[in-house]
Participant: 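Below is the structure I would like to discuss, written out as C-alpha cells.
Each chain gets a letter, A, B and so on, in the order the sequences are listed, and its residues count up from 1.
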Number of protein chains: 2
Amino acid sequence: MDRRQQKTRDAIFKAFSTLLETKRYGNITVQEIIDEANIGRSTFYAHFDTKDELLRTMCTDIFSHVFSDELMSEKTHDFSGNNNGLETKLTHILYHLKDSEKNIVGILSCDSGELFMKYFKGYLTEMFSKYLNETKVNAPADFVLNHLVGSFAETVRWWIDNRMKYTPEETIRYYIEVTHIA
Amino acid sequence: MDRRQQKTRDAIFKAFSTLLETKRYGNITVQEIIDEANIGRSTFYAHFDTKDELLRTMCTDIFSHVFSDELMSEKTHDFSGNNNGLETKLTHILYHLKDSEKNIVGILSCDSGELFMKYFKGYLTEMFSKYLNETKVNAPADFVLNHLVGSFAETVRWWIDNRMKYTPEETIRYYIEVTHIA
DNA sequence: TATGTTACTGAACATAATGTTCGTCATTAT
DNA sequence: ATAATGACGAACATTATGTTCAGTAACATA
C-alpha cells in the first residue's frame with residue numbers, strides 16, 4: 001500500500017478516535033473528521049464512502065487481531081483435559097481487546113456501540129456455535145447460542161465500561177460461573 | 001392537555017412508527033417525520049427539540065406500560081411458595097411488549113435499538129436488583145446484576161427479532177433454565 | 001535520473017437538513 | 001364572547017453531504 005494512503009488512513013483513524021473521546025458517534029460529522037485529520041474533503045471520500053463504513057473498517061481491523069485464525073479454529077483442549085479450551089479462548093479475547101490501540105471505549109459509547117456489538121456478536125456466534133452441542137440445558141439451541149453470545153458481549157461491554165477493573169482471568173471465571181458452561 | 005397538542009403528538013408518533021418500518025432510525029430525518037405526519041416544521045420543534053428526544057419519549061411511553069408500579073414493587077410470592085414471583089414478572093413484561101401498539105420491531109432495529117436497550121436495561125436493573133441477594137454464585141454482585149440484566153435484554157431482543165416465535169411462558173422458562181435463577 | 005502512475009489538494013457546486021423566527025389563523029377553555 | 005394557546009407555513013442563516021475537476025506532489029520502476 002502506498003505510503004500516502006497509509007498516512008491519510010492513519011490520520012483518519014486517529015482523528016476518528018480523538019473525536020470519539022469527546023463526542024458520540026452519531027453526532028460526529030464527516031466534516032469534523034476531515035478537519036481533525038487535516039485532509040482534503042475529496043480525500044476522505046476516496047477512502048470511505050460513508051461514516052458507517054469507516055466505523056466498520058475500524059471494527060474489522062480490531063477484530064482481525066482479536067479473533068485470530070487460531071482462535072476461530074476447531075476447539076482445542078488444554079492440559080487439564082476436561083476443559084475444552086473455551087475458557088482460554090475467551091480470556092485471550094479480553095487480553096487482545098485490552099491491548100488494542102484503537103479507542104474501544106469511544107466505539108462502545110452509545111450509538112456506535114450498537115454496530116460494534118453487532119460485528120462483535122457475529123464473530124462470537126461463529127466461535128460459540130462450535131461448543132454448543134456440549135451444553136446440556138433444556139432449551140432450544142438457537143436460544144442458548146443467542147444467550148451465550150449476548151451475555152458474553154454484554155459482559156465485555158460492562159468490563160470495558162468499568163475500566164477493566166477485573167483481570168481477564170477473573171472476568172472470564174465469573175462469566176463461566178454464571179453461565180455454567182465448562 | 002390540549003386536544004390539538006394530543007393530535008399532533010399522535011401524528012408524530014404514528015409517522016415515526018411508519019418510517020421505522022422501512023428505514024433505520026439513523027437515516028430518518030426530521031424533515032421526513034414532518035412530511036409523513038403532515039405538520040408544520042415549527043410544530044415539530046415545539047414538541048421535541050431533537051429526534052433523540054422523540055425516541056426517548058416513545059420509549060418512556062412504552063415502558064410506562066410495561067413496567068407498571070405493581071411490577072416494580074417489592075418482590076411478590078406466588079401461590080407455589082418457593083418461587084419468588086420473578087418468573088411471573090418477567091412473563092408479564094413479554095406480554096406487555098407483545099401487546100404494545102408502538103412499533104417495537106422498528107425501534108429495535110440497529111441504531112435506535114441501542115437507546116431502547118439502554119432505557120430498557122435501566123428499568124430492568126432496578127427490578128432485578130431486588131432479587132440479587134438470593135443468588136448464590138461466586139461472582140461480584142455488580143457482575144451478576146449486569147449479567148442478568150444484559151442477558152435478559154438480549155433475550156427479549158432475540159425474541160422480538162424472531163417474531164416472538166415462542167410464547168412468553170416458554171421464553172422465560174428458557175431464560176430461567178440458562179441463568180439458573182429461581 | 002527520467003517517466004508514467006497514483007494519490008492528495010482545494011475550491012467549487014448542487015442538494016438537502018437543521019433549527020429559529022414571526023405574523024396569521026384556527027381551536028380551545030372559561 | 002374573549003383571551004390564551006397552538007398550528008401553520010414561509011423565510012432565513014447555517015451547516016453537512018457527496019461529487020467534480022484541474023493542478024500538484026509523492027511514488028515505483030527502469
Side-chain angles (χ1 to χ4, degrees), chain A residues 1-61 103 106-107 109-112 114-115, chain B residues 1-61 103 106-107 109-112 114-115:
Chain A
M1 188 183 228
D2 198 311
R3 273 180 233 146
R4 291 169 296 178
Q5 280 190 67
Q6 195 58 256
K7 215 171 149 191
T8 46
R9 223 179 159 76
D10 286 347
I12 291 174
F13 281 143
K14 183 108 185 294
F16 192 46
S17 280
T18 305
L19 289 169
L20 276 172
E21 284 170 23
T22 55
K23 302 192 66 169
R24 279 176 34 192
Y25 173 76
N27 296 332
I28 294 175
T29 63
V30 175
Q31 190 60 52
E32 287 172 310
I33 299 173
I34 289 168
D35 293 342
E36 179 70 33
N38 199 30
I39 57 169
R41 177 160 200 74
S42 49
T43 309
F44 177 87
Y45 285 106
H47 283 259
F48 305 100
D49 281 347
T50 63
K51 203 178 59 169
D52 277 8
E53 204 199 309
L54 167 59
L55 177 64
R56 199 182 50 74
T57 306
M58 208 151 156
C59 287
T60 306
D61 216 56
N103 185 1
I107 292 180
S109 79
C110 210
D111 22 59
S112 58
E114 185 72 351
L115 282 167
Chain B
M1 189 183 227
D2 198 311
R3 273 180 231 146
R4 290 169 296 179
Q5 280 191 68
Q6 195 59 257
K7 215 171 148 191
T8 46
R9 223 180 158 76
D10 286 348
I12 291 174
F13 281 143
K14 183 105 186 297
F16 192 45
S17 279
T18 305
L19 288 170
L20 276 172
E21 283 170 22
T22 55
K23 302 192 65 170
R24 278 177 34 191
Y25 173 75
N27 296 332
I28 294 176
T29 64
V30 175
Q31 191 60 51
E32 287 173 309
I33 300 172
I34 289 169
D35 292 343
E36 178 71 31
N38 199 29
I39 57 170
R41 177 161 201 72
S42 50
T43 308
F44 176 87
Y45 285 105
H47 283 260
F48 304 100
D49 281 348
T50 63
K51 205 179 57 170
D52 277 8
E53 203 199 308
L54 166 59
L55 177 63
R56 198 183 51 75
T57 306
M58 207 153 159
C59 287
T60 305
D61 216 56
N103 184 2
I107 293 180
S109 78
C110 209
D111 24 59
S112 58
E114 185 72 352
L115 283 167

Participant: In this structure, how many angstroms lie between the P atom of dT14(D) and the CD atom of Gln31(A), rounded?
Facilitator: 16 Å

Participant: Nearest whole angstrom, please: distance from the P of dG9(D) to the CZ of Phe44(B).
Facilitator: 17 Å

Participant: Estimate the overall bend of the helix from dT1(C)-dA30(D) to dT30(C)-dA1(D) from the end axes over five pairs each, rounded to 10 degrees.
Facilitator: 40°

Participant: To the nearest Å, give me how far apart OH (Tyr45(A)) and P (dA11(C)) are.
Facilitator: 18 Å

Participant: So, under a plain 3.5 Å distance rule, would you say the side chain of Arg41(A) forms a donor-acceptor pair with the base of dG18(D)?
Facilitator: yes

Participant: Let me confirm one number: the CZ-CD distance from Phe16(A) to Glu32(A), rounded to the nearest 0.5 Å.
Facilitator: 11.0 Å

Participant: Is any side-chain nitrogen or oxygen of His47(A) closer than 4.0 Å to OP1 or OP2 of dA7(C)?
Facilitator: no

Participant: Does any N or O donor sit under 3.5 Å from an N or O acceptor when you compare the side chain of Thr43(B) with the base of dG6(D)?
Facilitator: no

Participant: How long is the line joining CG of Asp10(A) and P of dA7(C), in whole Å?
Facilitator: 16 Å

Participant: If you find the nucleotide of DNA chain C closest to Asp2(B) and the one closest to Val30(B), which residue's nucleotide is nearer the 5' end?
Facilitator: Val30(B)

Participant: At what distance, to the nearest 0.5 angstrom, does CG of Leu55(B) lie from CD1 of Ile107(B)?
Facilitator: 6.0 Å

Participant: Using a 4.5 Å cut-off on heavy atoms from C-beta on, say whether the side chain of Arg9(A) contacts that of Phe48(A).
Facilitator: yes

Participant: Considering heavy-atom distances to DNA chain C, does Arg4(A) or Arg3(B) have its closest nucleotide positioned more toward the 5' end?
Facilitator: Arg4(A)

Participant: Tell me the interatomic distance from Gln5(B), atom CD, to dC8(D), atom C1', rounded to whole angstroms.
Facilitator: 15 Å

Participant: Kindly confirm or rule out a cation-pi arrangement of Lys51(B) over Tyr25(B), judged by NZ or CZ under 6.0 Å from the six-membered ring centre and within 45° of its axis?
Facilitator: yes

Participant: Show your working on salt bridge (charged side-chain N to carboxylate O under 4.0 Å, His left out) between Asp52(A) and Arg24(B) and close with a plain yes or no.
Facilitator: CA-CA 13 Å; Asp52(A) 277 8; Arg24(B) 278 177 34 191; 3.4 Å; yes

Participant: When we call it a touch if two heavy atoms are under 4.0 Å apart, what does Ser42(B) touch: a base, just sugar-phosphate, or nothing?
Facilitator: base

Participant: Let me confirm one number: the NZ-CD1 distance from Lys14(B) to Ile12(B), rounded to the nearest 0.5 Å.
Facilitator: 13.5 Å

Participant: Provide, to the nearest angstrom, the distance between the CZ atom belonging to Phe48(B) and the P atom belonging to dG19(C).
Facilitator: 14 Å

Participant: For the pair Thr43(A) (side chain) and Ile39(A) (backbone), establish whether a donor and an acceptor sit closer than 3.5 Å, ignoring hydrogens and angles.
Facilitator: no

Participant: Taking atom C1' of dA26(D) as reference, at what distance in whole Å does atom CD of Gln6(A) sit?
Facilitator: 15 Å

Participant: Check the distance between dG10(C)'s P and Ile39(A)'s CD1 and give it to me in whole angstrom.
Facilitator: 11 Å

